[in-house]
Amino acid sequence: ILMDIYSYTWEAAWSVVTRVISYTNHTVMPEALECWNEGLFALKLPRIHMIVKEINRRLCADLWNMYPGDWDRISRMSVIAQGQVRMANLSIIFSHSVNGVSALHTSILEEGVLKDFYRLNPEMFNNKTNGVSHRRFLAEANPSYARLISGAIGTGWLDDAFELEKLTAYEQDAGFLDEMEKAKLADKQRLAAYVKETSGVDLDCSMVFDVQVKRFHAYKRQLLNVFKILDIYNRILADPHFDPRPTAFIFSGKAAQSYTFAKEVIRLINSVADVVNNDARVNDKIKVAFVPNFAVSSAQLIYPAAEISEQISTAGTEASGTSNMKLMMNAAITLGTYDGANVEIAKLVGDENIKIFGLRTEEVEALRASGHYFAWDQYNADRERLGRVVDMLSDGSLARLSGNFESIHDYLMVSNDPDLVLRDFRSYVDAWDELTTAYGDRAAWNKAALHNTAKAGYFSSDRTIREYMSDIWHIEA
């Protein structure tokens, strides 16, 4: 536009564009690092292709002057290579600022995915941890809890979410904690009525509400959650002395249109719900519900009712997450891996107010680099529990509604468990056992839940936007 319509020189146009544009990377997943076939790109966008080719020519010339002979590095950093146009590289070249959306994610960009660009120009890189609207997802979504908060600390928290910190003064207040529990029960009853209406499942509001609501993706590991439920189901049937905390497992979320694996996991959840909810032997201990058509309207019913927040992605894959923030605000306790914004939640609330399990990012990287991880080793080492759950995918146990789940079985056992579901399984179920056992001490649980709300002010989008304004856009508030 600047060159063709307004007759700018290349240098002048480049100066304007690079001062205007900044790049926020939202995930290290391949779908966010788009690569387009150069032939298709040239066919559909001939003039843009000409410009991108010239950008790449100039970039590679500059890189050659900085790194003479280092063809590997130049190839990694180029915009066009191996017949593809790399949109992430193009975004960086055009930007004056590059940021990730959690402290861990930004460090992964700097040390991994974008390390060549970071080494070239480290001052461009910065972190802006995501935030969410506390006015939407706490004040509006959870009016009973919001009224309790305002009655205790005033309404200033609506304008300044950091004022939620004042709630720490009420962590030993038995009367406040009792009122908090009443508000949570009302939220659970409200959600239970909605679940009954939309999915036909009757939820017992005396159960723990264990919630995983987010986009369906292999790395977010809804499958690991399903494995935990099947393991609990099997243990109840096999061991009359096994007495888990009665729990309602609630899922919601959507899969991308062409993402077959994610859709199969949704089908699996509904098949597990069919088995579990129709087995009178376990219904006093576990129920499973999938809430259809996830949207903000249903989310505003789910977040307030949650007591356990499932944030169980493979370490190093979740850029940030925002359901973890919304659930935390609403006094749910996180059960999660040390990933994304869970890292920052853990630092804010303290180890005693969150439950972390599983491999850390560096351990995941080391395990994959070693070449010594084999899914069948995990299966054979724990045939009684993990092996039994894996077998259920293809032995007819879950086939009544619409057939077996051989594709998921093959994803784990033939493709060698890319998301380390089997590796983290025992750590996860043990952490869940410990967390739900702690639920029995209502005063301690509510204190920890309130502490999560009190520390949630940092995750308001107000703070995030202020940081973008001051650090990237240089706008005075």
Side-chain angles (χ1 to χ4, degrees), residues 1-29 31-36 38 41-42 44-68 70 73-81 84-103 105-131 319-320 460-477:
I1 290 171
L2 292 177
M3 289 194 301
D4 295 354
I5 298 177
Y6 294 101
S7 302
Y8 276 56
T9 64
W10 179 282
E11 289 74 17
W14 184 266
S15 174
V16 169
V17 171
T18 53
R19 282 182 286 136
V20 166
I21 290 178
S22 60
Y23 172 43
T24 298
N25 176 284
H26 281 280
T27 174
V28 296
M29 293 294 106
E31 56 262 37
L33 305 171
E34 286 183 5
C35 294
W36 291 96
E38 188 184 2
F41 195 98
K44 290 295 188 181
L45 304 166
R47 176 59 175 145
I48 303 299
H49 180 244
M50 291 172 60
I51 294 172
V52 171
K53 281 185 66 177
E54 178 61 14
I55 291 167
N56 190 61
R57 185 193 68 78
R58 293 176 181 231
L59 170 66
C60 290
D62 289 342
L63 292 174
W64 177 263
N65 290 331
M66 287 181 278
Y67 310 113
D70 192 346
R73 187 196 299 250
I74 295 170
S75 177
R76 289 194 304 268
M77 297 178 72
S78 63
V79 175
I80 301 174
Q84 293 186 314
V85 182
R86 298 163 170 171
M87 301 307 292
N89 289 16
L90 186 63
S91 297
I92 297 168
I93 296 304
F94 263 118
S95 297
H96 66 274
S97 170
V98 178
N99 71 278
V101 291
S102 76
H105 173 227
T106 298
S107 71
I108 289 171
L109 294 179
E110 293 172 350
E111 297 165 15
V113 179
L114 304 181
K115 65 181 179 182
D116 293 315
F117 292 99
Y118 176 68
R119 290 169 181 171
L120 175 64
N121 202 357
E123 64 274 9
M124 282 181 62
F125 284 73
N126 58 95
N127 178 60
K128 299 289 173 281
T129 297
N130 276 339
S320 168
S460 169
S461 51
D462 294 353
R463 186 266 315 154
T464 309
I465 292 166
R466 281 196 298 269
E467 290 181 0
Y468 275 94
M469 288 172 63
S470 63
D471 300 345
I472 296 177
W473 305 331
H474 306 299
I475 298 171
E476 295 298 324

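Basis for what follows: all heavy atoms, side chains included, without hydrogens, waters or symmetry-related copies. The chain is numbered in sequence order, starting from 1. Quick caveat: nothing in here was measured; it's all calculated off a predicted structure.
A distance of 8.0 Å separates NZ in K128 from OG1 in T106, rounded to the nearest 0.5 Å.
A donor-acceptor contact shorter than 3.5 Å links the side chain of N56 to the backbone of I80. Between the N130 side chain and the T464 main chain, no donor and acceptor come within less than 3.5 Å of each other. A distance-only check finds no donor-acceptor pair linking the side chain of S22 to the backbone of S95 [under 3.5 Å]. Judged purely by atom type and a 3.5 angstrom limit, H96 uses its side chain to pair as donor or acceptor with the backbone of I21. In this structure, R86 contributes its side chain and S78 its backbone to a donor-acceptor pair below 3.5 Å. Checked by atom type and distance alone, the side chain of R19 pairs as donor or acceptor with a backbone atom of S15 at under 3.5 Å.
In plain terms, the two heavy atoms of A32 and T27 that are nearest each other are CB-CG2, 3.1 Å. Counting all heavy atoms, side chain and backbone alike, N65 lies closest to P68 at O-CD, 3.8 Å. Taking each heavy atom of L33 and A88 in turn, the nearest pair found is CD2-CB, 3.7 Å. Nearest heavy atom pair, residue E467 against residue T129, reads OE1-N, 4.5 Å.
Sorted by first and then second residue, the ring pair (Phe, Tyr, Trp, His ring centres under 6.0 Å) pairs involving residues 48-68 (not counting sequence neighbours) are W64-W71.
Looking at M66 and R73, their side chains never come closer than 4.5 Å, going by heavy atoms from C-beta outward. Side-chain contact between R58 and W14: absent, with no pair of heavy atoms (C-beta onward) separated by less than 4.5 Å. For the pair E38/V85, a side-chain contact is recorded, criterion being any heavy-atom separation below 4.5 Å from C-beta on. Side-chain atoms of I51 and W10, non-hydrogen and from C-beta on, do get closer than 4.5 Å to each other. L109 has its side chain out of reach of F117: every pair of non-hydrogen atoms, C-beta onward, lies at least 4.5 Å apart. The shortest side-chain heavy-atom distance between I108 and E110 does not fall under the 4.5 Å cut-off. In this structure, the side chains of V16 and Y8 come closer than 4.5 Å at one or more pairs of heavy atoms.
Crowding of W36 atom CH2: a count of heavy atoms from other residues, nucleotides or ligands under 6.0 Å not exceeding 12. Applying the 6.0 Å contact sphere to CZ of F125 captures more than 12 heavy atoms from other residues, nucleotides or ligands.
A donor-acceptor contact under 3.5 angstrom links the side chains of S97 and N126, judged on distance only.
Among residues two or more places apart in sequence or in another chain, the side-chain hydrogen bond (donor to acceptor under 3.5 Å, both in side chains) test is passed with N25 by Y23, H105. With sequence neighbours excluded, no residue forms a salt bridge (charged side-chain N to carboxylate O under 4.0 Å, His left out) with D62.
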